[in-house]
2 protein chains.
Amino acid sequence: MSDRKYAIGVDYGTESGRAVLVDVATGEQVATAVHPYGDSVIDETLPGNDIPLPPDFALQNPADYIEVLRETVPAILREAGIDPDDVIGVGTDFTACTMLPIDDLGMPLCMKPEWKDNPCAWIKIWKHHAAQPEANRLNHIARGHGERFLDRYGGKISSEWLIPKIWETLNKAPEVYEAADRFLEAADWIVLQLTGAERRNSCTAGYKAIWSKREGYPSDDFFAALDARLEHVVDDKLSRDIYPLGHRAGGLTQEMARMTGLRPGTAVPVGNVDAHVSVPAATVVEPGRMVIIMGTSNCHMVLGAQERIVEGMCGVVEDGIIPGYFGFEAGQSCVGDHFAWFVDNCVPAAYHEEAGARGLSTHQLLEKKAAAQKPGEHGLIALDWWNGNRSILVDVDLAGLLVGATLATKPEDIYRALIEATAYGTRVIIEAFDKNGVAVNEIVACGGLPERNRLLMQIYSDVTGREIRVADTAQAGALGSAMFAAVAAGKKAGGYDSILEAAQHMARLKDVVYRPNPAHRNVYDQLFAEYQKLHDYFGRGRNDVMKRLKALRLQALAGA
Amino acid sequence: MSDRKYAIGVDYGTESGRAVLVDVATGEQVATAVHPYGDSVIDETLPGNDIPLPPDFALQNPADYIEVLRETVPAILREAGIDPDDVIGVGTDFTACTMLPIDDLGMPLCMKPEWKDNPCAWIKIWKHHAAQPEANRLNHIARGHGERFLDRYGGKISSEWLIPKIWETLNKAPEVYEAADRFLEAADWIVLQLTGAERRNSCTAGYKAIWSKREGYPSDDFFAALDARLEHVVDDKLSRDIYPLGHRAGGLTQEMARMTGLRPGTAVPVGNVDAHVSVPAATVVEPGRMVIIMGTSNCHMVLGAQERIVEGMCGVVEDGIIPGYFGFEAGQSCVGDHFAWFVDNCVPAAYHEEAGARGLSTHQLLEKKAAAQKPGEHGLIALDWWNGNRSILVDVDLAGLLVGATLATKPEDIYRALIEATAYGTRVIIEAFDKNGVAVNEIVACGGLPERNRLLMQIYSDVTGREIRVADTAQAGALGSAMFAAVAAGKKAGGYDSILEAAQHMARLKDVVYRPNPAHRNVYDQLFAEYQKLHDYFGRGRNDVMKRLKALRLQALAGA
């Protein structure tokens with residue numbers, strides 16, 4: 001044992017799990033290890049089975065999650081060369097809603113021979129989209145009943161969330177529904193595996209299961225209106241015991257200690273979600289600063305002292321991000337994905353050659369060329385809806401738009417216009433929060449994009465008129481999980497008594513600050529007015545051409 | 001001398017001139033020769049001078065036109081091995097408005113040492129765009145005076161046309177205006193060179209010089225309202241003697257006969273314009289069939305028995321295409337140019353490699369991939385305004401639009417959407433004619449695109465709901481000029497007494513017919529409704545975002 005204490009954060013992503021060993025006093029990330037899931041995302045056939053899965057299925061194998069612990073935790077202990085006695089806690093975060101049916105002992109049904117060939121017995125991950133009919137029906141009924149919970153979710157429950165996914169199982173595989181003792185978020189299941197205790201966390205319950213601290217779940221009457229068989233789903237298949245983030249779920253079991261090389265009883269906090277756990281890792285534990293996790297998509301998180309209803313937010317959850325505050329979440333469904341699509345599909349050979357000759361990636365070359373322009377110079381404006389619009393329109397049937405192209409338009413022009421479009425989309429979200437009394441005075445960015453694209457950061461600052469700082473970690477999820485682990489361990493064990501305290505010591509920002517350029521802001525204000533006009537025209541029903549094009553596309557593909 | 005008689009057509013394009021020797025009885029194209037202009041398009045500095053030209057200047061050297069005759073006519077006579085006595089006529093067609101100032105002997109001012117360093121002394125070709133301020137002012141004044149001639153030109157006189165170009169010379173180089181005995185279309189100047197006679201043709205006079213058979217030029221009062229110095233421009237610098245197409249301008253001069261190897265006195269018809277002369281070469285000498293010359297841009301020509309006012313047409317001119325009819329012209333400013341832009345700027349390396357491996361051009365590969373789709377399958381719609389909109393909106397400040405892109409959108413999807421957009425644009429033009437009593441029952445295509453892109457032809461047929469036939473000549477311009485030469489020679493000399501008769505014998509269609517596919521039409525009717533809605537929203541002032549983006553672009557480029 002030494003004076004230095006450590007916490008481990010394990011971040012479960014879509015393709016792999018990553019463990020990071022963090023110095024509790026300083027936040028230094030001492031060692032890291034990644035393990036890809038053996039079965040990755042299961043969307044064609046189940047393991048050991050060659051029957052094709054239905055469309056829109058996206059499953060995972062829970063054994064892969066255990067393998068992550070078995071491989072990565074010993075690896076980081078070895079790499080750091082530390083005494084396991086000095087590890088005071090191990091925390092986890094997960095994609096969500098990523099859910100599974102379990103038996104009364106916590107065993108996933110898909111791990112039992114009698115259920116292994118039933119797709120609904122497996123883990124449905126966040127991007128499983130086969131419950132859209134159930135989500136549509138749920139929203140229709142909820143609106144009919146005037147259910148107020150809709151307001152907390154921007155007016156719409158997503159097909160990605162827990163209740164539609166459970167209902168889908170009831171419809172497609174009632175025998176699985178029947179056999180399931182409970183349905184659980186993977187975020188809570190991994191904690192159950194680590195500690196032997198089921199301690200459902202307030203983040204997934206609030207953001208994905210229509211639960212709120214003050215109102216609980218929707219009423220049994222509402223569930224009965226969905227489907228008589230669902231009337232008692234909460235008591236029969238879920239649980240009303242929900243624990244705030246940072247709460248100590250329990251101590252590591254003997255078996256898990258043996259597998260990971262950690263000490264039995266090591267503190268484990270309740271589960272968390274990858275995006276939400278990044279907020280304190282980006283130093284934000286109070287209202288006023290928005291955290292944007294920028295990657296393939298953007299996730300916007302901000303805290304407030306009161307519950308506010310904001311158009312198109314993904315959710316507002318008390319204790320959902322930081323205990324004691326209302327956590328607001330909004331999102332853009334396509335950001336880095338835009339740029340990747342563009343580079344893969346729209347950039348001519350000469351650019352790839354020039355990039356190669358100059359020792360740059362194609363993204364870097366495009367960024368350099370685009371950065372040489374003044375705002376407005378390319379004459380373009382885009383709507384960033386290549387993958388629909390999450391916030392604030394909550395409409396997956398919207399699609400991309402580019403206006404202003406001429407024969408002089410170059411690839412870097414379109415690249416820059418796409419970056420700007422995502423910045424305008426973020427400004428729409430910020431203004432929706434601001435208008436409804438949720439202050440956004442400043443932005444902290446984390447995720448992959450802020451590290452790689454300075455032009456993008458400057459454009460976001462110019463467009464939003466906010467200063468932007470960048471979290472000083474490439475692994476905000478794992479760091480946040482380690483921080484909550486230190487809170488679960490508590491001050492006496494060498495950790496912290498609150499996530500605020502943990503953030504003061506373990507999280508920090510880079511020195512760089514992006515500040516709005518006044519001349520750029522003026523042009524971007526004009527361009528943003530154009531964006532808003534197009535946004536409302538195409539997004540609020542004045543011209544539903546995007547939906548009609550999608551319907552024609554589906555007809556054509558169906559051979560109709 | 002033999003029984004076979006021949007006519008020569010010389011087609012003066014933007015980069016080169018082409019002569020074709022045609023069998024008068026059959027239309028067979030016996031020999032052809034091309035000569036590129038030595039000075040090409042002069043847009044940087046004048047020959048023998050290194051002072052930069054002002055922006056938007058596009059000039060040419062008249063000596064290059066003479067060189068075309070000197071090089072190509074002897075070459076085709078040699079190639080065909082025929083007796084010059086058997087050549088009964090030589091006709092010409094030109095780009096327009098391509099104009100020049102001459103002295104009293106017909107000598108271009110730019111060929112005189114005292115004027116050779118003055119840009120306005122040279123030939124301003126059709127795409128010389130420096131007279132926009134004069135065109136704007138002219139249109140403003142004409143609207144203020146309620147000048148009815150505007151109706152004949154879709155409401156707007158183009159900066160490419162004769163009066164703005166003359167006025168520009170008066171403003172920028174009054175000494176050139178003063179020194180010029182007359183201003184002339186190059187189409188008429190080359191006839192003056194061939195015959196020694198100035199015989200201005202009804203086509204360029206009507207389409208480019210605001211002349212009509214019934215009303216003549218605008219009044220001296222109108223010209224005085226433009227600029228007091230222009231009051232007598234028609235009588236001082238032009239001519240009121242205008243001759244119908246096919247009229248014999250004269251016989252070949254001794255000097256020209258010596259240079260070309262043809263006989264003195266060989267019949268020469270009045271000049272003509274490349275697009276317009278293609279109409280009879282596409283067999284069309286009567287109302288009801290529209291000729292579309294498809295290349296970098298589209299030119300739409302249709303005949304009518306009455307004058308009709310059609311929104312956005314380029315012009316309606318009595319005797320302007322075929323004597324005895326009103327010739328209607330409309331156009332799309334960006335067609336092949338769209339596809340070329342797309343291939344140059346938006347197609348990834350993998351496509352070029354695949355095309356190479358399959359022995360295809362990139363265009364052919366995209367066409368193959370796009371042809372495998374059903375209408376509507378790509379989910380996209382575009383407005384074909386990458387180079388503004390000629391007909392029917394007459395607005396160069398409009399720009400391109402693409403709506404419906406998703407992360408699944410592939411290059412062939414956009415390629416097909418651009419083709420379809422140009423087809424929708426053509427349907428808008430056809431419907432404007434139809435609605436105003438100018439029947440378009442069928443289409444005949446000529447130009448470069450119909451030869452190369454079967455998918456495009458089928459889409460045009462499906463979208464317009466019209467059968468499309470294709471002219472059986474790759475050189476419709478030169479063939480048409482040879483046909484008018486045969487008319488100028490007359491029946492006694494072995495030619496024809498009318499262009500109708502010439503068309504019956506010398507022009508033909510290919511066997512291929514593109515017929516609308518009823519299932520495709522149904523989908524395209526729905527897509528066309530979407531196109532129209534976007535067309536009107538962005539094109540008729542409801543959202544002038546394209547103009548505002550252009551203004552911002554110009555500001556940014558000016559460093560404002």
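Chain A is the first sequence line, chain B the second, and so forth, proteins listed ahead of strands; every chain is numbered from 1.
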Response to the item:
Checking heavy-atom separations under 4.5 Å from chain B, one finds in residues 394-401 of chain A A:Ala399, A:Gly400, A:Leu401
Practice prompt. Please report the shortest heavy-atom distance between A:Ala556 and B:Gly376, naming the atom on each side.
Written response: CB-C, 4.2 Å
Discussion item. Just to be sure I understand the criterion: a residue of residues 356-366 of chain A counts if one of its heavy atoms is under 4.5 Å from a heavy atom of chain B. Which ones qualify?
Written reply: none
Worksheet item: If you measure from CG on B:Leu549 to CD on A:Gln526, what distance do you get to the nearest 0.5 Å?
Response: 10.5 Å
Practice prompt. Answer yes or no: does atom CZ of A:Arg454 have more than 12 heavy-atom neighbours from other residues, nucleotides or ligands under 6.0 Å?
Written response: no
Worksheet item: At what distance, to the nearest 0.5 angstrom, does NZ of B:Lys533 lie from CZ of A:Arg542?
Response: 9.5 Å
Practice prompt. Nearest 0.5 Å please: distance from the CG atom of A:Asn345 over to the OH atom of B:Tyr351.
Written response: 6.5 Å
Worksheet item: Going by residue number, which parts of residues 410-421 of chain A are within reach of chain B, meaning a heavy-atom gap below 4.5 Å?
Response: A:Lys410, A:Pro411
Discussion item. Among A:His378, A:Glu353, A:Gln373, which residue has the highest count of heavy-atom pairs closer than 4.5 Å to chain B?
Written reply: A:His378
Worksheet item: Most heavy-atom pairs under 4.5 angstrom with chain A, which of B:Ala382, B:Pro375, B:Ala350, B:Cys346?
Response: B:Cys346
Worksheet item: With sequence neighbours excluded, what pairs up with A:Phe57 under the ring pair (Phe, Tyr, Trp, His ring centres under 6.0 Å) test?
Response: A:His128
Worksheet entry | Approximate separation, where rounding is to 0.5 Å, of B:Leu380 CG and A:Leu552 CG | 11.5 Å
Worksheet item: OG1 of A:Thr406 to CH2 of B:Trp385: how many Å apart, nearest 0.5 Å?
Response: 15.0 Å
Worksheet item: Taking all non-hydrogen atoms of both residues, which atom of B:His352 and which atom of A:Ala349 are closest, and how far apart?
Response: CD2-CB, 4.4 Å
Item to complete: Check whether any side-chain N or O of B:Trp341 sits under 3.5 Å from a backbone N or O of A:Thr409 as a donor-acceptor pair, and report yes or no.
Response: yes
Worksheet entry | Contact summary for B:Leu534 and A:Asn543, nearest pair of heavy atoms | CD2-ND2, 3.8 Å
Practice prompt. Give a yes or no answer on whether the side chain of A:Arg553 reaches the backbone of B:Glu377 with a donor-acceptor pair at less than 3.5 Å.
Written response: yes
Worksheet entry | Whether B:Phe538 and A:Tyr537 hold their rings parallel, tilted or perpendicular, with breakpoints at 30° and 60° | perpendicular
Discussion item. With chain A as the partner, which of B:Leu407, B:Val403, B:Leu402, B:Val545 has the greatest number of non-hydrogen pairs under 4.5 Å?
Written reply: B:Leu407
